[in-house]
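If you scroll down you'll find the structure; I have some questions about it.
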Amino acid sequence: MTSYPIPQWCDMAQEASFADPQMIAQRAGKFEKNINRRNWIEYAAGVLMIGLFGVGAVFAMIKAEWLIGLSLVIAVAGIVVVLWNLYRRASNLAAHPEEPCLDHLRRQYEHQMKALRAVPIWYIGPLVPGIVMFYIVVTAKVAERVGWTTALQGIWGPAAASFGIFALVIAANLIAARQLKRKIAQLDELA
Amino acid sequence: MKHSPEQLYLEAGEQFAPALARLARSFERDAEKARDLEQEMHCALWSSLSRFNGESSLKTWVYRVAHNVAADHVAKSMRGPKRVALEEINNLPAAGNPESDAAETLVLVQVRELIRTLAPLDAQVIILWLEGESGAQIAEITGLSQGAVGVRVHRIKALFAQHFDTSNTSSHEGATA
């Protein structure tokens, strides 16, 4: 016989019923629209960056600054790769809501941990070639006029800031991945 | 005889609709969001039942789907209190908004507050225990070992016992004062 620790608990929500299957089908469509809208907002930031870098590349090409233009085109390609990776990684977690709760949680944590650990490769890595090339070309151009010492002194600050941000992003993600690894180990102990 | 997903959905609705509503209202304080979460559970269940092959009971299937959807809902919520493990809780939390739940007894409000404070697996164990599920059933639904379930159930029983002892003592003291 089932025993209820707090009988009043099971007295609650007795009026509840499942939603009509037809309404559920409509709602599933609404969920899909919401997810699509959220994804579009996320990708809009990337599209804005592509626009800015793209316009920069066009202006550089018009002024016959071919190497600067090329570096910006490579940067745009890097952003496109990052957006593609975001899309791929966001959608490759198969939904298995019927699996045991522990397995479900573990799968989510593992998916997130792998994504965080791989941030240097799929998020930062594609952006590096374009940005490195941009700094080198701009420094060389400036050095033609004022000499390498002055040019390197001028580029040092912005370059350190850019790569410092990259380093911070990588470090923050690796720390988060390590925390998730600990959580996964704790879950494994419960099985 | 194999049932169609539609039949299974209707059967699940007859048996478990109130339990899923309680689950949604336990994880989500906001009434409208709780209703959304409840319907999200219905959606996930509806989609999943085409894969139901009878390897587990319908009850286990329904509870797994609903609890996993609820856990995902918590994970997606950016705001909200930091969740803690059950062993870090020493008392039932104070009722967050007793006015809005005037029809319920105070302890039910407090239990819900406790559930919203806990890490998902701990919360899931407590809700299933409140639903009258046995340790073995809770272990099957959650995937936790029976030992891990037992430890959590023991802990929550101790919390409740302590709470009711304290409440009784307070009311006696109040009566004799």
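So you know, we letter chains A, B, ... as the sequences are listed, proteins then strands, and number each from 1.
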**Asked** A/V76 and A/M61: same hydrophobic cluster, using ILVMFWY side-chain contacts below 4.5 Å?
**Response** no
**Prompt:** In terms of heavy-atom pairs under 4.5 Å, which option from B/T142, B/D72, B/V151 contacts chain A the most?
**Reply:** B/T142
**Message:** Given heavy-atom pairs under 4.5 angstrom as the criterion, report whether the side chain, backbone, both or neither of B/A66 touches chain A.
**Reply:** neither
**Item:** Part of A/L190 within contact of chain B (heavy atom distance under 4.5 Å)
**Value:** both
**Request:** Specify which of A/A16, A/P5, A/P7, A/S17 makes the most heavy-atom pairs with chain B at under 4.5 Å.
**Result:** A/P5
**Message:** Would you say A/Y123 ends up clustered with A/W84 if hydrophobic residues are merged whenever their side chains have heavy atoms under 4.5 Å apart, either directly or through other cluster members?
**Reply:** yes
**Most contacts with chain A, counted as non-hydrogen pairs under 4.5 angstrom, among B/L144, B/L121, B/L20, B/L130** = B/L130
**Asked** Is the number of heavy atoms from other residues, nucleotides or ligands under 6.0 Å of A/Q14 CD greater than 12?
**Response** yes
**Message:** For the CD atom of B/Q39 and the CZ atom of A/F18, what is their distance to the nearest 0.5 Å?
**Reply:** 11.5 Å
**Item:** Proximal component of A/E15, with respect to chain B [non-hydrogen, under 4.5 Å]
**Value:** side chain
**Request:** Please state whether the side chain, the backbone, both or neither of B/T60 comes within less than 4.5 Å of a heavy atom of chain A.
**Result:** neither
**Asked** Side chain, backbone, both or neither: which part of B/E38 has a heavy atom under 4.5 Å from chain A?
**Response** side chain
**Complete:** The reported gap from CG in A/D20 to CG in B/L10 (rounded to nearest 0.5 angstrom) is 9.0 Å
**Request:** Select one option (side chain, backbone, both, neither) describing which atoms of B/A17 are under 4.5 Å from chain A's heavy atoms.
**Result:** both
**Message:** Looking at every heavy atom in both B/H42 and A/A19, which two are closest together, and how far apart are they?
**Reply:** ND1-N, 3.2 Å
**Item:** Hydrophobic cluster membership, A/V81 vs A/M49, 4.5 Å side-chain cutoff
**Value:** no
**Complete:** To the nearest 0.5 Å, atom SG of A/C101 lies from atom CD of B/Q124 at 4.0 Å
**Prompt:** Quick one: which of B/V65, B/N68, B/L45 gives a side chain to side chain contact (heavy atoms under 4.5 Å, CB included) with A/E98?
**Reply:** B/V65
**Prompt:** Hey, are the side chains of A/W9 and B/E131 touching, using non-hydrogen atoms and a 4.5 Å cut-off?
**Reply:** yes
**Item:** Side chain to side chain, B/R64 and A/P100, heavy atoms closer than 4.5 Å
**Value:** yes
**Request:** Would you mind reporting whether A/C10 and B/R22 have side-chain heavy atoms less than 4.5 Å apart?
**Result:** yes
**Prompt:** A/V146, A/I155: one ILVMFWY side-chain cluster at the under-4.5 Å cut-off?
**Reply:** yes
**Request:** Report whether A/V58 and A/I74 are members of the same hydrophobic cluster (ILVMFWY, side-chain heavy atoms less than 4.5 Å apart, transitive linking).
**Result:** no
**Prompt:** Is it the case that more than 12 heavy atoms not belonging to B/F52 sit under 6.0 Å from its CZ atom?
**Reply:** yes
**Request:** Kindly compute the distance separating NE2 (B/H67) from NE2 (A/H104), expressed to the nearest 0.5 Å.
**Result:** 12.5 Å
